[in-house]
Amino acid sequence: MSKKEKLVKAITSRDEDFSQWYTDIVTQAELSSYSSVRGCMIVRPYATALWELIRDDLDRRFKETGHENVIMPLFIPESLLQKEKDHVDGFAPEVAWVTHGGDEKLSERLCVRPTSEVLFCDHYSEIIESWRDLPKLYNQWVSVVRWEKSTRPFLRTREFFWQEGHTAHATAEEAIKETKDILELYADFFEETLAIPVIKGVKTESEKFAGAETTYTVESMMYDGKALQSGTSHYFGDGFAKVFDIQYTDQENQLRYVHQSSWGVSSRSIGGIIMVHGDDDGLVLPPAVAPIQIAIIPVAQHKEGVLKKAAELYDLLKENYRVKLDDSDRMPGWKFSEYEMKGVPLRLEIGPRDIENNSCVLVTRDNREKIIVPLEELEERIPGILKEYRQRLYDKAKAHRASHSYTAGSSEEFFDLLENKPGFVKGSWCGSANCEAEVKERTGATARCITNDKVTDNDVCMICNEAATSHVIWGKAY
RNA sequence: CGAGGUGUAGCGCAGUUGGUAGCGCGCUUGCUUUGGGAGCAAGAUGCCGCAGGUUCGAGUCCUGUCACCUCGACCA
């Protein structure tokens, strides 16, 4: 079989039809299934394992930085949701309502949480009294519901899984520091753990979270050049505190409002992993979150000693890695394709020839390079091989982003790039919502984030030609 | 929620002017195979999305409805 020929015919080529490719991966790699509830997905065991690893990594980071997990109710009374105007305006159109308990109509309808700011605020108003109670660094791992019109597995579903951190601080400075620290935490998580390069920045007024003063974001670029908002961290100032009356007494016996932040990363990140790293043979998973890191495939397993040796290697490696020994009666070639489809970083082949040479064959998922390793070197070689593998994923994604990123020097160039080149376009902006809306109308692209690049006197708005106040990354988004 | 498309076996599909259900893959069992999705043989699997209607007779025609897909609008 030629190298160029697609090994797995079941997957549509990425370049031919990207969204069909995405759907194929999701079903073929057994990540999710459609459920009987429209817009909600079944997260299958493989994707659940992936999500658990993502969760564990983030959770460890949160706990290392002093955060505590809590669990808030699934429901929000309508009156509570109504309290903060911007917030309710932002979410009301897409909330699901519970109106009955059994046969009885509820005196007040309950919404299924689309996010939990108001629940945390309500709770904080009761438990915070003194400066000694601060800061409160809470997080929860839950699912939320937003009644989306059109849905796609992992990227947009009516119920999705996430963590939402909600913190309360004595001062604005402290809350802003928290907001930014979390942004850094998220960036590091995406880059190190998921090998996905991100751009950090601030959302524009029209793109920021409903009720926030400032929204920070990490944005990543998918293979098709579209952006995925991968994590957000919001600074609330004391806006919610004033509405929900969250006050504490400071060291001078003065009543003060707390300053708050909230931040979240969702199961959407799974969609990001698929669309950044995946290829025409299936998923490609970063080692840190791969449910199976090494797949051991015995070759000619009916021959004496093969399964025994494979089992020995399994026992050796399972101490430090998530290993799967596939001794099913499938053909070896079938197994190769199967674990490539599932994005397993490393395949270990062991057959009679290897046993004779006291070695085995390691194959890395991304480039399919075959490395023959003497068995006595196996344990010491694997960490380096996985490290280089992760680095290749990251470098490849970064190079792809670089080759699909542009800086517009003029208005014509700006609109031409956005209309004709998939990817990110950096362009200076005057700060007006009208100009932003015009870009969206003409090109479908939105302001992904404001960078902290310096603005000079020569920089003008790409839309209206007035003096620019910031540099913005523009792009079409999921 | 707008425009278009598709619903027939687990999956992908065929099914002619209306005449009573088929192919490929997968699944089960057995034998032979095993270094890139094996071969042969024997099996199993259907309220033709759902509800009405026309007809002696409907997968096929009509009406309604639901679901899914693609593209817009809205959004993590």
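Residue numbers begin at 1 in each chain, while the letters A, B, ... track the order of the sequences. Please read these numbers as outputs of a predicted model, since none were measured by experiment.
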For [X], answer base if it contacts any base atom (sugar-phosphate contacts may also be present), sugar-phosphate if it contacts only those atoms, and nothing otherwise; contact means non-hydrogen atoms under 4.0 Å.
X: A/Glu94; value: sugar-phosphate
X: A/Gly39; value: sugar-phosphate
X: A/Pro352; value: base
X: A/Gln229; value: sugar-phosphate
X: A/Gly264; value: nothing
X: A/Val144; value: nothing
X: A/Ser266; value: base
X: A/Ser230; value: nothing
X: A/Arg158; value: nothing

By nearest atom, which of the nucleotides [options] is closest to the [X] side chain?
X: A/Arg146; options: B/G36, B/A76, B/U34; result: B/A76
X: A/Met331; options: B/G36, B/U34, B/A76; result: B/U34
X: A/Ala300; options: B/G35, B/U34, B/G36; result: B/U34
X: A/Thr23; options: B/C74, B/U34, B/U70; result: B/U70

Looking at [N], which nucleotide sits across from it as a Watson-Crick or G-U wobble partner, both distances under 3.5 angstrom, or is there none?
N: B/G46; result: none
N: B/G4; result: B/C69
N: B/A21; result: none
N: B/U54; result: none
N: B/G59; result: none
N: B/G30; result: B/C40

- Query: Taking the six-membered ring for Trp, are the ring centroids of A/His87 and A/Phe209 within less than 6.0 Å of each other?
  - Reply: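 Yes.
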Separation of [N] [atom2] from [X] [atom1] (nearest whole Å):
X: A/Lys370; N: B/G36; atom1: NZ; atom2: P; result: 6 Å
X: A/Asp329; N: B/C27; atom1: CG; atom2: C1'; result: 13 Å
X: A/Leu155; N: B/C69; atom1: CG; atom2: C1'; result: 15 Å
X: A/Trp162; N: B/C75; atom1: CH2; atom2: P; result: 15 Å
X: A/His234; N: B/C75; atom1: NE2; atom2: P; result: 14 Å
X: A/Arg152; N: B/C71; atom1: CZ; atom2: P; result: 7 Å
X: A/Arg113; N: B/A76; atom1: CZ; atom2: C1'; result: 15 Å
X: A/Arg268; N: B/A76; atom1: CZ; atom2: P; result: 8 Å

[atom1]-based separation of [M] from [N] [nearest Å]:
N: B/G10; M: B/A73; atom1: P; result: 38 Å
N: B/A38; M: B/C50; atom1: C1'; result: 42 Å
N: B/A21; M: B/G49; atom1: P; result: 15 Å
N: B/G5; M: B/G18; atom1: C1'; result: 25 Å
N: B/U17; M: B/C66; atom1: C1'; result: 31 Å
N: B/U33; M: B/C40; atom1: P; result: 15 Å
N: B/G26; M: B/U70; atom1: C1'; result: 27 Å
N: B/A3; M: B/G46; atom1: P; result: 38 Å

- Message: Are the side chains of A/Phe62 and A/Leu137 in contact, using a 4.5 Å heavy-atom criterion?
- Response: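 No, their side chains stay 4.5 Å or more apart.
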Using a cut-off of less than 4.0 Å, is there contact between a side-chain N or O of [X] and OP1 or OP2 of [N]?
X: A/Arg330; N: B/G36; result: no
X: A/Lys440; N: B/C74; result: yes
X: A/Thr157; N: B/A76; result: no

- Query: Considering heavy-atom distances to RNA chain B, does A/Tyr478 or A/Cys360 have its closest nucleotide positioned more toward the 5' end?
  - Reply: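 The residue mapped nearer the 5' terminus is A/Cys360.
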- If you pin A/Ala210 and A/Val363 to their nearest nucleotides in RNA chain B, which one's is more 5'?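 It is A/Val363, whose closest nucleotide lies nearer the 5' terminus.
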Salt bridge flag under 4.0 Å for residues [X] and [Y]:
X: A/Glu340; Y: A/Arg368; value: yes
X: A/Lys396; Y: A/Asp279; value: no
X: A/Lys203; Y: A/Glu219; value: yes
X: A/Arg330; Y: A/Asp326; value: no
X: A/Glu184; Y: A/Lys180; value: no

- Item | ring centroid sep under 5.5 Å plus plane angle under 30, A/His302 with B/U34 |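 It does: the two rings, one from A/His302 and one from B/U34, meet the stacking criterion.
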- Task: Report yes or no: do A/Gln229 and A/Thr217 form a side-chain donor-acceptor pair below 3.5 Å?
- Result: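 No, A/Thr217 and A/Gln229 have no side-chain donor paired with an acceptor closer than 3.5 Å.
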- With distance as the sole criterion, is a donor-acceptor pair present between the side chains of A/Arg61 and A/Thr193 under 3.5 Å?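 Yes - a donor-acceptor pair under 3.5 Å links their side chains.
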